[in-house]
Protein chains: 2
Amino acid sequence: MTDATLVAVFAALGDDTRWSILAALGEGEASASALAERLPVTRQAIAKHLAVLREVGLVEPVPAGRELRYRVVGAELTATARRLDAVGAEWDRRLSAIKRIAEGL
Amino acid sequence: MTDATLVAVFAALGDDTRWSILAALGEGEASASALAERLPVTRQAIAKHLAVLREVGLVEPVPAGRELRYRVVGAELTATARRLDAVGAEWDRRLSAIKRIAEGL
DNA sequence: ATTCAGTGCAACCGCAGAGTTGCACAATTT
DNA sequence: AAATTGTGCAACTCTGCGGTTGCACTGAAT
């Protein structure tokens with residue numbers, strides 16, 4: 001996964017409706033139509049969101065008969081979390097080093 | 001920190017320019033004007049981004065004489081990472097439980 | 001054969017936001 | 001006193017995107 005897609009993942013996670021979808025999928029696979037019944041948005045809107053989530057790997061299509069269900073990929077979230085943590089730790093490390101130098105220690 | 005602000009943090013992280021700013025700040029504190037010299041955007045644009053980052057706690061203003069520098073808050077990133085990881089783990093746990101039940105185990 | 005979900009594609013609307021220019025103001029320098 | 005530098009605020013443009021409606025297609029059910 002590249003840095004460019006990291007930003008894309010965050011952009012995907014920066015929308016309330018998509019979090020609602022992810023939360024709903026967290027209770028089990030569901031199709032776009034099924035999600036549209038639970039959420040206050042159109043099926044087409046949900047389909048678009050699912051496409052976005054799919055492109056960044058947060059969600060996975062699961063063909064079930066004639067309908068297309070989606071499953072949330074928790075592993076992608078944990079992977080993103082690890083990378084985020086690494087960046088934060090690195091910045092803290094570098095900045096505290098700068099601070100020490102500035103203080104002449 | 002609430003769930004609503006979690007989404008806001010991700011929205012803030014879902015922009016390339018803001019990552020450029022964060023990366024630049026990762027090498028040391030800097031003012032909006034200083035950042036504008038390194039990045040291909042106007043000072044005003046940077047000021048707006050800094051305001052966004054500040055509202056979600058990813059960045060901190062540091063008055064330095066007459067100019068206003070900003071410092072990246074790595075701790076906020078690591079905190080966000082932890083929460084993200086927790087959500088991912090929970091979803092994986094619940095979904096694998098559902099899967100076991102569906103398989104009749 | 002026909003109705004009935006479920007999906008996909010396309011066009012359109014409205015708004016938020018990323019970026020710009022322009023101006024006004026305070027502190028610093030010369 | 002004048003020029004310089006850093007900041008803040010306001011208005012404007014324009015693209016992106018969340019959401020909608022509408023239509024066409026396919027597989028299942030009656």
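Each chain gets a letter, A, B and so on, in the order its sequence line appears, and its residues count up from 1.
At the heavy-atom level, R18(B) lies under 4.0 Å from the strands shown only through sugar-phosphate atoms.
E37(A) places its CD atom 10 Å from the P atom of dT7(C), with the value rounded to the nearest Å. Here the C1' atom of nucleotide dT15(D) and the CG atom of D16(B) are 15 Å apart, to the nearest Å. Following rounding to the nearest Å, L50(B) (CG) and dA18(C) (P) show an atom-to-atom distance of 13 Å.
With rounding to the nearest 0.5 angstrom, the CD atom of E90(A) is 9.5 Å from the CG atom of D92(A).
By the 4.0 Å N-to-carboxylate-O rule, E60(B) lies too far from R69(B) to be salt-bridged with it.
Side-chain contact check for T17(B) versus W19(B): every heavy-atom pair is 4.5 Å or farther apart. At a threshold of 4.5 Å between non-hydrogen side-chain atoms, the residues L13(A) and R18(A) do not count as touching.
Side-chain nitrogen and oxygen atoms of S33(A) include none within less than 4.0 Å of the OP1 or OP2 phosphate oxygen of dA5(C).
Closest heavy-atom contact between V7(A) and D15(B): CG1-N, 3.7 Å.
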With the sugar-phosphate defined as primed atoms, P, OP1 and OP2, and the base as all remaining atoms, what B/S/- string results for nucleotides 19-30 of chain C, 5' to 3', for protein heavy atoms under 4.0 Å? BBBB----BS--

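R66(A) meets the side chain to side chain contact (heavy atoms under 4.5 Å, CB included) test with no other residue; sequence neighbours excluded.
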